[in-house]
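Comments concern the structure below.
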Amino acid sequence: MQYISEYRDRDKAKALSNEIAKEVMPARSYRFMEFCGGHTHVLSRWGLTDLLPDNVKMIHGPGCPVCVLPVGRIEMAIDLALSEKVILCTYADTLRVPTSKGQSLFNCRSLGGDVRMVYSPMDAINIAKANPDKEVVFFAIGFETTTPPTAVAIQIAKRLGLNNFSVFVNHVLTPAAMEHILKTAQEGSRAPQLDGLVGPAHVSTVIGSKAYEPFSAKWGKPVVIAGFEPLDMLLAILMMIRQVNEGRHEVENEFTRAVSREGNRLAVDLMNEIFELRDSFEWRGLGYVPFSALKLRERYSQFDAEKRFQMTERHSPDNRACACGAILRGEKEPFDCKLFGTVCTPAHPMGACMVSSEGACAAYWRYAPKHKTVPNTEE
């Protein structure tokens, strides 16, 4: 299996672990945030944190697109799904995200909502073509990775004159969230002080490593883009340690087999054609983050579900007992949540971090040692 088996070599992992141990300075600490939820799962699945020295800590960030979607946007979608003659289409994980009152898009189907799971926006296009008497809304979520497919669907809908198709846009942007994390830490919140960030892999195949260069220069923090195999992560951590030791703050690309500096220009140009920046957007756990999300440009406004159905922006609080927001900010780990593994499980999730396949709680539930699954119940 080219590009897989060679990145799971036990002897090479041990050699990288030994190299990391040699490079770290015993008198200092290294705090790195892996932004992408896929990287959190890599760390957990392969037990990589057990290979790191005690003074090298990996902190989980807000890199799960389902997890960062705020409760209010879920409730807006539920209201839309319960309206007459609307078919709401979205990805699987989004269906099970609970609101503070325990509602979800999945269980709103028992109230008469026509909610359908799709694998791509094109599935929603096909549903709209097959149901000309109904309004079909695609509930679009995700970072820059899933934004180009939404843009393609909108282009096709316009070309076909598909007037019963629209999109509830909830696409968010990675660099803006990374900057927000560092800004809030600098302002004295409980957010952790960071020494470097692991750049997301899938997002970076689209936007390229160049997109992080202004961010790295402004904040003086190294960014190393990493792939999703264990050797990718260990090498990226080693590269960040070396940057910190040498006083450098550069964007480096470990994932050269898939990521270029310029990224996928066709995809980026398409995104810029269809979308423009929102002034502000709410993220679960982060609050309102300026210029961190996208909306449809005016020339495509006929496909904007928020305008078509006069949807009202809503802010709703998270479940107070759920620590998902603090986990997304890097302030807590899943074990710090008193609901983890007891009330909150994959079968009965109380928060988005347990629902999503990229959520930190889902990763800990699946891969963490069983002796650690007893939650910390201290206040």
Whether Glu254 side chain and Gly227 backbone form a donor-acceptor pair below 3.5 Å: yes
Single-linkage hydrophobic cluster, 4.5 Å side-chain cutoff, Val289 and Val71 together: no
Side chain to side chain contact (heavy atoms under 4.5 Å, CB included) assessment of Val198 paired with Cys36: CA-CA 8 Å; Val198 181; Cys36 177; over 6 Å; no
Residues His60 and Tyr364: side-chain donor-acceptor under 3.5 angstrom: yes
Exceeds 12 heavy-atom contacts within 6.0 angstrom, atom CG of Asn126: yes
Ring geometry between Phe255 and Phe228 (parallel below 30°, tilted from 30 to 60°, perpendicular above 60°): perpendicular
Geometric cation-pi criterion Arg73 and Phe281, 6.0 Å radius, 45° cone: no
Test ring pair (Phe, Tyr, Trp, His ring centres under 6.0 Å) applied to Phe335 and Phe340, step by step: CA-CA 6 Å; Phe335 293 137; Phe340 178 82; 5.6 Å; yes
Pairs involving residues 140-162, ordered by first then second residue, that meet side-chain hydrogen bond (donor to acceptor under 3.5 Å, both in side chains) (sequence neighbours left out): Glu144-Thr174, Thr147-His171, Thr150-His171
Given His249, Arg242, Arg248, the one that forms side-chain hydrogen bond (donor to acceptor under 3.5 Å, both in side chains) with Glu246: Arg248
With Ser104 via side chain to side chain contact (heavy atoms under 4.5 Å, CB included) - residues at least two apart: Phe106, Asn107
Single-linkage hydrophobic cluster Leu80~Leu111, side-chain heavy atoms < 4.5 angstrom: yes
For Asp9, all residues meeting side chain to side chain contact (heavy atoms under 4.5 Å, CB included), sequence neighbours excluded: Asp11, Lys12, Leu231
Ile274 side chain reached by Val152 side chain, heavy atoms, under 4.5 Å: no
Between Glu252 and Gln243, a side-chain donor and acceptor under 3.5 Å: yes
Thr40 backbone acceptor or donor facing Ser44 side chain under 3.5 Å: yes
Over all atoms of both residues, closest heavy-atom pair of Ile20 and Leu52: CD1-CD2, 4.0 Å
Closest non-hydrogen atom pair between Ser292 and Trp283, with its separation: OG-NE1, 2.8 Å
N/O donor-acceptor pair under 3.5 Å between Asn319 side chain and Gly351 backbone: no
Arg261 (side chain) donor-acceptor with Lys210 (main chain) under 3.5 angstrom: no
Step-by-step side chain to side chain contact (heavy atoms under 4.5 Å, CB included) determination, Tyr7 to Arg257: CA-CA 12 Å; Tyr7 286 87; Arg257 62 190 186 277; 3.3 Å; yes
Closest contact, heavy atoms only, Leu194 versus Lys221: O-NZ, 2.7 Å
Side-chain donor/acceptor of Arg314 to backbone N/O of Met76, under 3.5 Å: no
Contact summary for Cys64 and Gly359, nearest pair of heavy atoms: SG-N, 4.0 Å
Backbone N/O of Thr94 and side chain of Thr90: donor-acceptor pair under 3.5 Å: no
Check: Glu229 main-chain N/O paired with Asp232 side-chain donor or acceptor under 3.5 Å: yes
Straight-line distance of Arg116 CZ to Cys89 SG, nearest 0.5 Å: 6.5 Å
Please output the side-chain donor-acceptor pairs of residues 128-143 that fall under 3.5 Å, not counting sequence neighbours, one pair per line with the distance.
{"unit_1": "Asn131", "atom_1": "ND2", "unit_2": "Ile127", "atom_2": "O", "d": "2.8"}
{"unit_1": "Glu135", "atom_1": "OE1", "unit_2": "Arg308", "atom_2": "NH1", "d": "2.7"}

Closest approach of Leu105 to Ala81 (non-hydrogen atoms, all atoms of both residues): CD2-CB, 4.4 Å
Separation of Ile154 CD1 from Gln302 CD (nearest 0.5 Å): 10.0 Å
Heavy atoms from other residues, nucleotides or ligands near NZ of Lys307 exceed 12 (cutoff 6.0 Å): yes
Any Cys108 side-chain heavy atom under 4.5 Å of Val115 side chain: yes
Closest approach of Val169 to Leu294 (non-hydrogen atoms, all atoms of both residues): CG1-O, 3.4 Å
Shared hydrophobic cluster for Val206 and Val251 (ILVMFWY, side-chain gaps under 4.5 Å): yes
Phe32 ring center within less than 6.0 Å of His39 ring center: no
Carboxylate-amine/guanidinium contact Glu306 Arg278, below 4.0 Å: yes
Expected output: side-chain Thr342 to main-chain Leu339 donor-acceptor under 3.5 Å: yes
Derivation and outcome, side chain to side chain contact (heavy atoms under 4.5 Å, CB included), residues Thr99 and Ser316: CA-CA 8 Å; Thr99 67; Ser316 298; over 6 Å; no
Selection residues 282-292 - residue pairs positive for salt bridge (charged side-chain N to carboxylate O under 4.0 Å, His left out), sequence neighbours left out: Arg284-Asp318
Evaluation steps, salt bridge (Lys or Arg N to Asp or Glu O under 4.0 Å), between Arg299 and Glu273: CA-CA 10 Å; Arg299 58 181 172 270; Glu273 159 69 18; 3.4 Å; yes
Side-chain (Tyr30) to main-chain (Met25) donor-acceptor, under 3.5 angstrom: yes
Neighbour count >12 (heavy atoms, 6.0 Å) for atom NE2, His41: yes
Donor + acceptor pair across side chains of Asn253, Tyr212 (<3.5 Å): no
Donor on one side chain, acceptor on other, Tyr91 and Ser120, under 3.5 Å: no
Pairing of Asp195 and Arg28 as salt bridge, 4.0 angstrom limit: yes
Steps toward side-chain hydrogen bond (donor to acceptor under 3.5 Å, both in side chains) verdict (Tyr288, Asp279): CA-CA 10 Å; Tyr288 287 91; Asp279 292 336; over 6 Å; no
Verify same cluster id: Val203, Leu197 (apolar side-chain graph, 4.5 Å): yes
Cluster link Met354 to Ile74, ILVMFWY, side chain under 4.5 Å: no
side-chain hydrogen bond (donor to acceptor under 3.5 Å, both in side chains) between Thr205 and Asn264, worked out: CA-CA 7 Å; Thr205 63; Asn264 186 327; over 6 Å; no
Those residues that, when tested against Lys218, pass side chain to side chain contact (heavy atoms under 4.5 Å, CB included) (two or more places apart): Glu179
Asp336 (side chain) donor-acceptor with Glu333 (main chain) under 3.5 angstrom: yes
Chi angles and distances behind the side chain to side chain contact (heavy atoms under 4.5 Å, CB included) call for Ser301, Leu296: CA-CA 6 Å; Ser301 62; Leu296 290 176; 5.9 Å; no
